[in-house]
Novice: 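If you scroll down you'll find the structure; I have some questions about it.
Order of the sequence lines sets the chain letters (A, B, ...), proteins ahead of strands, with each chain counted from 1.
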Amino acid sequence: MSLAANLRTRLARAPASIIIMASLLGAFVLMALFAPLLAPFDPARQSLIQRLRPPGHTTAQGLTYLMGTDDLGRDLLSRVIHGARASMLVAVASVSVSLLIGSALGMLAGWRRGWIEVAIMRFVDIMLSIPAILLAVLAVAVVGPGFQTLILVLGLTRWPRYARVAYAQTLQVATLPYMRAAELAGAGGPRLLLRHILPNIAGPLLVVATAEFGLMILFEASLSFLGLGIQPPTPSWGTILSAGRQYLERAWWLTAFPGACLFLLVLSVNVLGDWLRDHLDPRSRPRG
Amino acid sequence: MLRYLLSRLLQAALTTFGVMTIVFFVMRLSGDPVLLLVPEGATREHIETVRRELGFVQPIWRQYLTFLGGLLNLELGVSVVQRVPAWDILASRIPYTLALAGAALLVAVGFGIPAGIAMAIWRGRWFERPIAALVVTGQSMPTFLSGILMIMLFAVTLRWLPSSGVDGPASVVMPAIALGMLSMSTFARMARIAVVDELSKDYVRAGLARGLPLGKVVTRHVLRNAAIPVVTIAALETGNLLAGAIIVETVFAWPGIGQLAIQAIQSRDFLVVQAIVLFVSLVYVAVNLAADLLYAGIDPRIRLGKP
Amino acid sequence: MSGAVLDVRDAAVHFRSRGGFLRKAGAPLKAVDGVSLAIAPGETLGLVGESGCGKSTLANAILGLVPLTAGHIKVAGRLVDSADRDSLGTIRSDAQMVFQDPALSLNPRLSIGAAIGEPLLVRGLARGSALRDRVALLLKAVGLEPDHASRFPHAFSGGQRQRIVIARALALQPKLVICDEPVSALDVSVRAQILNLLVDLQRERGMSYLFVSHDLSVVRHIADRVAVMYLGRIVETASMSVLFGKPRHPYTQALLAAAPEPDPVRQRAKPRRVLDGELPSPTNLPPGCAFSTRCPLASDLCRSERPRLSAHPDGASVACHHAEE
Amino acid sequence: AQPYRDSITIDLPNDAATLDPHLQWDTDSYAIYRNIFDNLVTRDVSGKIVPQIAESWRQVDDTTLSFKIRSGVRFHDGSPLTSEDVAYSIRRIIDPALRSPQLSQFDQIASAEATDATTVVMKTKAPYPALMAQLVKLSIVPKAVVERIGAQAFNLQPVGSGPYKLRAWQRGVGVTLDAVPDYWRGRPPFDTASFRVVPDVATRIADLQTGRADIVRQLGPDEAVRIKSDAKLQVLAAPTERIGYMFINAVSGPTQDVRVRRAIAHAIDRKTLIEALLQGYGKEVDVVLTPANFGYIEGIGGNAFDPARAKALLREANAVNAQLSFLTSPAYDRRLVEALQQMLQEVGFKVDIQTMDHPTFLRRRQGRPDEAGSISLGRWSCACQDADGVIFPLFRSGSIWAKYANADFDKQVDAARATLDEAMRLTHYRRAFEILRDEVPGLGLYQDFAIYGARREIRWQPTANEAFFLFDMRWQP
Amino acid sequence: MTAPVLDIDRLRLEIGAAAVVDGLSLSVGQGEIVALVGESGCGKSLSALAVLRLLPDAVRLAGGRILLEGKDLATRDMSSMAAIRGRDASIIFQEPTASLDPLMPVGDQIAEALTAHRSVSAREAMLRAREMLVSIGISDPDRRLAQYPFELSGGMCQRIMIAIALICGPRLLIADEPTTALDVTIQAQILHLIRQLVAERGTAVLLITHDMGVVADIADRVVVMYAGRVAETATAEELFRAPRHPYTALLLASIPRAGIKPKSRLATIEGTVPPPSSHGSGCRFASRCPLAEDRCRIESPPLVDHAPGHQAACWRSGQVATLGAAA
Ligand SMILES: Nc1ncnc2c1ncn2[C@@H]1O[C@H](COP(=O)(O)OP(=O)(O)OP(=O)(O)O)[C@@H](O)[C@H]1O
Ligand SMILES: Nc1ncnc2c1ncn2[C@@H]1O[C@H](COP(=O)(O)OP(=O)(O)OP(=O)(O)O)[C@@H](O)[C@H]1O
Ligand SMILES: [Mg+2]
Ligand SMILES: [Mg+2]
C-alpha cells in the first residue's frame with residue numbers, strides 16, 4: 001500500500017469534521033477557479049450612489065446586493081468571490097516557494113553540518129534580521145509593483161522560517177539510529193533527506209506552512225500600503241478587509257464577510273494540515 | 001564548548017556585517033530621502049544642494065566605506081530627518097519595544113503552549129475543539145482588524161482599558177494580546193504536533209508503566225523531548241515580536257521600534273533604519289544562538305559544531 | 001591476513017565524555033581499545049563478551065558509523081577509516097549490519113518493504129515489480145509474510161522487527177555481515193530458521209559473519225572462531241572447538257559456566273556461581289588486567305601489569321598471566 | 001468665557017520630526033512648534049497677512065523691506081526678543097550650512113540686517129511678490145540660545161517666544177507644552193497642551209470617543225461622517241489652500257496628444273466625486289488653484305464633465321483603449337484613485353493603477369517623463385497662498401514636477417513672479433490658466449478641506465493655511 | 001493454595017476485527033515464576049501490556065478478566081491505574097533503549113519510579129537508585145546515574161529498566177525478555193536477583209522469554225502460547241521432559257544443543273504463524289503440524305489436563321512423544 005493509497009483509505013474513514021473541512025476548502029478552490037461564473041456582478045463595477053448599502057439591498061432597477069456594497073458601491077459578494085482568487089494564489093504561491101526553499105536548505109544544513117551549515121544558517125539569520133518591509137520597498141522601487149514582485153518578496157522573506165524549523169528538526173532526527181541504518185543501506189543525500197528526514201520532520205513544517213498560509217493572505221493586505229499588494233481594482237480578501245476596517249461601525253459587512261471567509265479558509269487549511277500530519281504518521285491509527 | 005562559542009560569535013559578527021551591508025545597499029537603491037525633506041515646490045537646484053550637503057552624491061562605494069568606518073567606531077550617525085543621533089532615536093524606543101514584546105511573548109507562550117499540550121493530550125476529544133477554534137481565530141484574524149475591534153470593545157464601549165498610548169501597565173494589555181495572538185497560535189500548534197509526536201513513543205508507555213500519571217509523564221518527559229520545534233519557533237517569534245510589531249504599534253499608538261522602522265523606511269531615514277536593523281539583527285542573532293545552544297542543552301545527542 | 005574480508009588492526013574508539021557548559025570534559029571512555037581481529041572469506045567469527053564491553057561500538061566502527069580513534073580497519077581490502085563517501089558506499093555494499101536495536105533502527109515512517117528494498121533500490125539493483133519480488137523473497141526467508149511489506153515498523157512485535165532488520169542486511173548479499181545480537185529476540189524455532197538461513201548463505205555464497213551474541217549455544221553452533229571481549233579489549237580468541245573445549249581465560253570460563261542449559265534438571269543441578277567483585281569503570285580502567293577485579297585467580301601481577309595476547313599452539317591467543325593454570 | 005478645563009490633548013498622526021522651526025517642515029512638527037515660536041508675520045482668520053513680531057513693515061524698494069520689530073516680547077528664558085534675533089533667524093534659515101529643507105522658500109532673500117533696536121532691513125535678490133506669504137512661516141529663534149547650545153541641542157530644547165513652552169518631548173510618544181502665563185498677546189487658553197502620536201485614524205477617533213483626546217488632526221470625509229453621529233463630538237473643517245488635482249503627462253505616452261488629455265478632463269465627474277466620496281468636504285474648482293490663493297481666477301471655464309465629448313475626442317485622436325498608467329502611492333485616497341480609474345475606463349481608456357511607496361512615487365513622478373506615468377493625483381499646498389507657489393513648480397518647464405513645456409505659459413508665470421504689482425500679476429495668471437485649460441497638463445479637481453474632530457466644547461475656527469494655533473482655541477461649556 | 005497474584009482469564013485483544021490474543025488464561029501465584037514462551041509475534045508482549053492497561057491505541061481489550069490480587073484491572077478506569085503501575089505491578093520492556101526517555105539521565109528515571117509512589121526526598125531516591133544499580137551489577141554507578149540512554153550499551157539500558165521495575169518492590173513483576181541483551185554472567189546475576197526477590201518478598205513473576213535455558217533455570221511453570229492462544233502449560237521439568245503439544249515439542253527440538261554438529265541444519269517448524277485475520281475454527285497450529293488430521297483443521301482443541309498442572313490443547317497429544325524422538 002503506497003502512502004497515497006494509504007491516505008486515500010484513511011480519508012474514506014475520516015471523521016465528519018474532516019470531510020466538512022475538506023469540502024469547505026474544495027468550495028473555496030472552486031470559488032477561486034470559477035469566480036467569473038459565480039460572481040453576480042463585475043467586481044470592479046462601481047456605482048458611487050450605491051455606496052455602503054447593507055446586505056440584501058435591492059436597487060430601484062431590481063439588482064440585489066446579497067452582501068451589500070463597498071465604499072465605491074461595488075457588489076461585495078462579487079468582490080469576495082473574485083478576491084478568493086488573488087488571495088489563495090498569493091498564499092499558495094508564496095507558501096510553496098518558501099516551503100520549498102526553506103525546508104531544502106534547512107535540512108541540508110542540519111544534515112551536512114560543517115561549513116554548509118554555517119553558510120546556510122547564517123544566511124538565514126541575515127534574512128531574518130532584515131525587515132521584510134525593507135526588501136518589499138526595494139523590490140517595488142527596483143522591479144515595480146505587481147503580483148510577481150509580491151510573490152518574490154513573500155517567498156524571499158518567509159523561507160528562513162521554514163529553514164530554521166527544518167534545521168532544528170533535522171539536527172535531532174539525524175542522530176537517530178535509523179538514519180545510520182539508511183546510510184548503511186547506501187542511501188545518498190537526496191534520498192536520506194527526502195525519504196528519511198523529511199517525513200520525520202514534516203509535522204512542524206506543516207504547522208508552519210499552514211500557519212503561514214493564512215498569514216500570507218493577511219500580509220498581502222499589509223504590504224498593499226506599500227503598493228506591493230494586488231493592484232486595484234482586482235480584489236483580494238486582504239485589501240477588502242483593510243479597506244473595510246475604516247467602516248467597522250458604519251458598514252460591518254465589509255469586514256464580516258471577507259473575515260468569515262478568511263477564517264473558514266484558514267480553519268480548513270489548519271484542520272486538514274493537522275489531520276494530514278497525524279495520518280502521515282503510521283503510528284497514529286484512528287482510534288477504535 | 002568555548003571554541004564553539006567563539007566561532008559562533010565570529011559568525012554573529014559576520015552575520016551582522018552581512019545584514020548591515022545588505023541594508024545599506026537596499027536603502028541606497030531604493031532612493032534617498034531628499035525629495036521627502038524638501039517642500040513640494042523646491043527647485044531642482046535646491047534639491048541638488050541638499051543632496052550634496054547630505055552626502056548622497058558621493059559614489060556609493062565611498063558612502064559605504066564611510067558607513068563601515070562609522071560602524072567600526074560604533075558610530076551610527078545623525079538622522080538627516082530628525083537631526084538627532086540615530087542611536088538616541090532608537091534608544092528611546094527600545095524600552096517600549098521590550099515591554100510590548102515581553103508582554104506579547106507572555107501571552108503567546110503562557111497561553112499557546114498549555115493550549116498546544118492540552119490539544120495534544122485531548123486529541124480527538126471534544127475539549128480539543130474550543131481550544132482549536134481559539135487558536136485558529138488567532139491565526140486568521142488580521143491584526144489591523146483585531147486591534148481596532150478590541151479598542152472598540154474594551155476602550156470605547158466598556159471603558160476598561162485606555163484606547164491608545166503608553167500610560168501604565170493597562171496600556172500594554174491590548175497591544176500585547178493583539179500581537180501575541182498570532183504567535184500564540186503558532187506556539188499552540190507547534191506544541192501540539194511536537195507533543196503528539198512524542199506521545200506515540202515507547203518511553204511514554206514506559207513512563208506510564210512506572211506509575212506516573214499521564215500529566216507527569218508529559219511534564220517530566222514529553223515536554224523536553226518536544227521542546228526543539230517549540231524553541232525554534234520561540235526564537236523566530238521573538239525576532240518577529242521585536243521588529244514585526246508594525247501594525248500593532250501603529251494601531252495602538254505604541255512607540256516601539258516597529259513603528260519607528262516603518263516611519264524611517266518611508267522617510268528614507270537611512271541611518272535610523274540602519275540603527276534599527278543593527279539592533280534587531282543583534283537581538284536576532286543572540287536569540288538564535290541561544291536557541292542553537294539550547295538544542296544541545298535539550299538534547300545531549302546533538303553535539304555542538306561539527307558532528 | 002591478506003585475503004581477509006575484515007581486517008581490524010589495533011582499532012580504538014574513545015568517546016569524549018560530556019563536559020558541562022564551558023567545563024572541561026573528563027577522561028575519555030575507551031569503548032574499544034586496541035582490538036585486532038580478522039575474518040577470512042566464508043568464516044564466522046563469534047564475538048562474545050560482557051554487556052557494554054564495546055561489541056556494538058566495534059561493529060559500528062567497522063562500517064564507518066563511528067570514527068576510529070586509532071588503528072585501521074579494512075573491509076574487503078579497502079580502508080574504512082580514511083574512506084571518502086564514495087568508497088564508504090562501496091564498502092557498505094560489501095559489508096552490512098544487523099543492528100542490535102531494531103525498534104530504533106527502522107524509520108517509523110517507512111514501510112518495511114521500502115526499508116528492506118532500500119539497499120537494492122538505491123544501488124539500482126532492482127526496481128518496480130522486480131524489487132517487490134526480491135523483498136517478498138527476503139521476507140519469506142526470514143519467516144515473515146510477503147504482504148507484511150506495506151506495514152510500518154510499529155505494527156510488528158520485537159522479534160518480527162529483528163527479522164526485518166536481518167532481511168535488510170541480507171538484501172545486498174554482502175561479503176560480510178555484522179550481526180549484532182541478530183537472534184536474541186527470536187523464539188527458538190524462528191531462531192533456528194534464521195541460523196539455517198545464515199549457514200545456507202554462507203555455504204552458497206561464501207559470506208562471512210561477525211556474529212555478536214550473548215547466547216553461547218548459538219555461537220557454538222554457528223561460529224568457526226570465537227573472540228571474547230572484556231571492557232574494550234579482546235581477552236581470548238580461539239577456534240570454536242578449542243574455546244568451548246578448553247577455555248583458557250578465566251572470564252571465558254566464567255561465561256561458559258554461567259550459560260544456562262535448556263534442561264531444567266541439569267540446569268538446576270549445576271552449582272550456581274555468580275561472579276563477585278566490581279566491574280571497573282570503562283573510563284578508569286585498572287592499570288593491570290581489566291578482569292582482575294572479578295577474577296578468582298587474580299594476583300598482584302594481574303593488578304599491576306596488563307597481560308598481552310599470547311598465542312598458543314592450538315591457535316588460541318589469550319591475554320592472561322595465568323592462562324595455563 | 002472662563003475655560004472650564006485647563007488642559008487640552010491633541011492626537012497627531014505623527015511625532016514631530018524636529019522642534020527646531022528652521023529645520024523640518026512636515027505638518028505635524030509644524031502643528032507643535034508653531035505654538036512655541038512666534039512668527040515674523042501671520043495671517044488672520046480671513047487669510048490676510050497681519051503683524052506678529054513685526055509690528056509693521058514697509059517696502060523700501062522692489063527688493064528691500066524694512067520691518068519694525070515689536071518690543072517687550074520675551075523669550076521663554078526671559079531674555080527680550082530683539083531685532084538682532086529676527087535678523088539672525090532670517091540669516092540662519094538661508095545659511096546653506098544649516099541645510100534647512102525650507103531653504104527654497106526663503107532663498108530669494110539676500111540679506112537681513114538689524115539696523116537698530118527695533119528695525120530689520122531685508123533685501124531680496126530680485127523683486128519677489130510671494131515674499132510676505134513666505135515670511136508667514138518664519139519663526140523667530142533666540143540668537144543667544146542657539147549660538148550657545150548649538151543646533152542639535154536646540155532641536156531638543158527649543159526656546160521660543162510663543163504662547164507655549166516645551167515641557168517634555170518623549171520621542172514617538174508625544175510632546176507636552178506649558179502655557180507661558182505672561183505671553184505678550186495675553187494668557188494662553190490652556191495651562192498645558194499634550195500632543196500625542198497616534199498614527200491610526202481609527203484609533204484617533206477612539207481616543208476622541210473615550211476622551212483620551214480632545215481634538216484630533218487629519219481625518220477623512222468618512223470619518224467626519226462618523227464623528228458627526230456622536231453627540232459629544234463635532235467636526236471642525238475648513239477649506240484650505242490645498243488643491244486636489246490630477247497630473248497628466250504631456251510629454252510622454254498616449255497623453256502627449258492634447259485631445260487625449262482633454263478627453264481625460266471631460267471624463268471626470270468632479271461633482272459626484274466630491275459629493276459621494278468627499279462627502280462634501282471639498283469644493284469643485286476648474287483650475288489647478290484654490291480660491292484661498294492669490295491668483296485664483298473665477299470663471300476660466302474648465303473642461304466640464306462630458307463623457308460623450310470625451311469619447312469623441314478619443315476616437316478623433318485614434319486613442320480608444322489607450323493604456324494609461326496611473327501612478328499612485330498610499331498617500332492618496334485609494335477610493336479616489338479607483339473612482340477615477342472607473343470614470344476613465346468608462347469613456348474608453350484602459351487604466352493601470354501602479355501603487356508604490358511614497359518616496360518611490362515621488363522619485364518617479366519627479367523624474368524622467370517616460371517614468372512618471374500617464375496620470376497621477378496630487379494634493380498641493382505651497383503654504384504661501386499664492387499661485388506662484390502652485391502652478392510655477394507644477395507646470396513651468398524645467399521644474400521637476402512639470403512634464404509639460406509651453407513657452408507662452410513660462411513667460412506668463414515668469415512675469416507674474418517678477419513684479420510686485422498685483423493687478424499685473426492677476427492678468428498674467430489669467431492668461432496662464434487659460435493656457436492650462438486648453439492644454440490640460442493637469443486638472444484641478446477640488447479644493448481640499450482640513451478636517452478635525454473635536455469635543456463639542458471646543459471653540460476653534462480652522463483656517464485655510466492649515467495652521468494649528470492653540471492660542472486661537474477655547475473651551476466653552 | 002492462596003489466590004494467585006495475577007489471574008488472567010480468557011483475555012481477548014483485538015486489532016481491527018481480528019483477535020491477536022484469543023482466550024488467554026494464566027495465573028501466577030505468590031512467589032511463583034511463570035514463563036510465557038511462544039512464537040515471536042504470538043501476542044506475548046501485548047498480553048503483558050494488557051495487564052497494565054498500556055495497550056497501543058490500535059489494540060483493543062475486547063474481553064476477559066485481569067485479576068491482580070483479586071481486583072479486576074480490565075474494567076478499571078485509566079486514572080486509577082497509575083497508582084497500581086510500578087507499585088503493585090511493574091514491567092520490564094522488551095526494547096530497553098526505546099523505553100527510556102532519551103533526554104533524561106537514567107538515574108533520574110530510576111528515582112522517578114520511586115518518587116511516583118513513595119514520599120521520599122530526591123536525594124534519598126537517588127541513593128536508592130544507586131543501590132539498585134549496584135545490586136544488578138553495574139559498575140561505577142555514580143557515573144552511570146548521570147548518563148543518558150544513548151551513552152549506554154543495550155545491556156546497560158536493559159539493566160536500568162530492571163532497576164526501574166524493581167525499585168518499588170512490586171507484588172507482580174512482568175519481565176518481557178529481561179535478559180536477552182545481557183551476557184550470561186550478568187544474566188545469571190539478574191536471574192539470581194529475581195530469584196532472591198521471589199524468595200524474600202514472594203513476588204510473582206511473569207517472565208516472557210525465548211531463552212529455553214532461562215526457562216529451564218528459573219521458571220516454576222511454563223505457559224506456551226501459539227497464535228494468541230495457550231497451547232500448553234506445565235511445570236518446567238514436566239514440559240521439557242514430556243511436552244504434550246506438538247508445537248512445544250518442535251520448539252524444544254529446534255534448540256541448538258551441545259550434541260548437534262556445528263553449522264548443521266537445525267530443526268525448524270515449517271511455515272509461519274497464520275495472521276490473526278485468517279484464523280479458522282480449527283487448531284491454529286494445524287497448518288504446520290506434522291500430526292494434523294482432519295479434525296484438527298475443523299475443531300479447535302480445548303485445554304485438557306494431562307497431569308496435575310499439565311494441560312495441553314491438542315487432539316493428538318498422545319502422539320506428541322513420537323515427534324520428539326523423530327527430531
Ligand atoms: N555515543 C556514545 N557516547 C558515549 N559513550 C558511549 C556511546 N556509545 C556507547 N558508549 C559506551 O561505550 C561502551 C561500549 O558500548 P557498546 O554499545 O559498544 O557495548 P556492547 O558491547 O554492544 O554492549 P551490549 O552487549 O550491552 O550491547 C559502553 O560503556 C557505553 O556506555
Ligand atoms: N501497535 C500495533 N499495531 C498493529 N499490530 C500490532 C501492534 N503491536 C503488535 N502488533 C501485532 O500483534 C501481534 C502480537 O505482537 P506482540 O508484540 O505481542 O508479539 P510477541 O509475542 O511479544 O512477539 P516477540 O516475541 O517477537 O516480541 C504481532 O503480530 C504484531 O504484528
Ligand atoms: Mg551492543
Ligand atoms: Mg514481544
Novice: Can you list the residues of residues 220-230 of chain B that sit under 4.5 Å from chain E, counting heavy atoms only?
Specialist: B:R220, B:H221, B:R224, B:N225
Novice: Filter on side chain to side chain donor-acceptor pair (under 3.5 Å), then keep only pairs touching residues 281-291 of chain B, sequence neighbours left out; what's left?
Specialist: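 Qualifying pairs, neighbours excluded: A:R164-B:N288.
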Novice: Check whether E:H117 reaches the backbone of B:L212 with its side chain - one donor and one acceptor, N or O, closer than 3.5 Å.
Specialist: no
Novice: Tell me, side chain or backbone of B:L214 under 4.5 Å from chain E's heavy atoms, or both, or neither?
Specialist: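 B:L214 has no heavy atom closer than 4.5 Å to chain E.
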Novice: As an exercise: rank E:M81, E:Q109, E:R87 by heavy-atom pairs under 4.5 Å with chain B and give me the winner.
Specialist: E:Q109
Novice: Less than 4.5 Å to any heavy atom of chain B: does that hold for the side chain of E:L49, its backbone, both, or neither?
Specialist: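 The answer is the side chain of E:L49.
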Novice: Hey, what do you get for CZ (B:R205) to CG (E:L55), rounding to the nearest 0.5 Å?
Specialist: 9.0 Å
Novice: Supply the atom-to-atom distance B:L208 CG to E:R53 CZ, rounded to the nearest 0.5 angstrom.
Specialist: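 Separation between the atoms: 12.5 Å.
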Novice: Any chance you could lay out the side-chain contact (heavy atoms from CB on, under 4.5 Å) test for E:R85 and B:R210, step after step, and finish with the verdict?
Specialist: CA-CA 6 Å; E:R85 295 175 188 145; B:R210 72 190 77 136; over 6 Å; no
Novice: Let me know if E:I164 has heavy atoms under 4.5 Å from chain B in its side chain, its backbone, both or neither.
Specialist: side chain
Novice: With a 6.0 Å cut-off (strictly less than), is the heavy-atom count around CZ of E:R76, excluding the residue itself, greater than 12?
Specialist: yes
Novice: As a quick check of understanding, evaluate side-chain contact (heavy atoms from CB on, under 4.5 Å) for E:L100 and B:Y203, giving each step before the final call.
Specialist: CA-CA 5 Å; E:L100 287 168; B:Y203 72 82; 5.7 Å; no
Novice: For a 4.5 angstrom cut-off between non-hydrogen side-chain atoms, does E:P102 reach B:R301?
Specialist: yes
Novice: Using a 4.5 angstrom heavy-atom cutoff, name the option from E:A116, E:S99, E:A89 with the most pairs to chain B.
Specialist: E:S99
Novice: To the nearest 0.5 Å, what is the distance between CZ on E:F150 and CG on B:D299?
Specialist: 7.5 Å
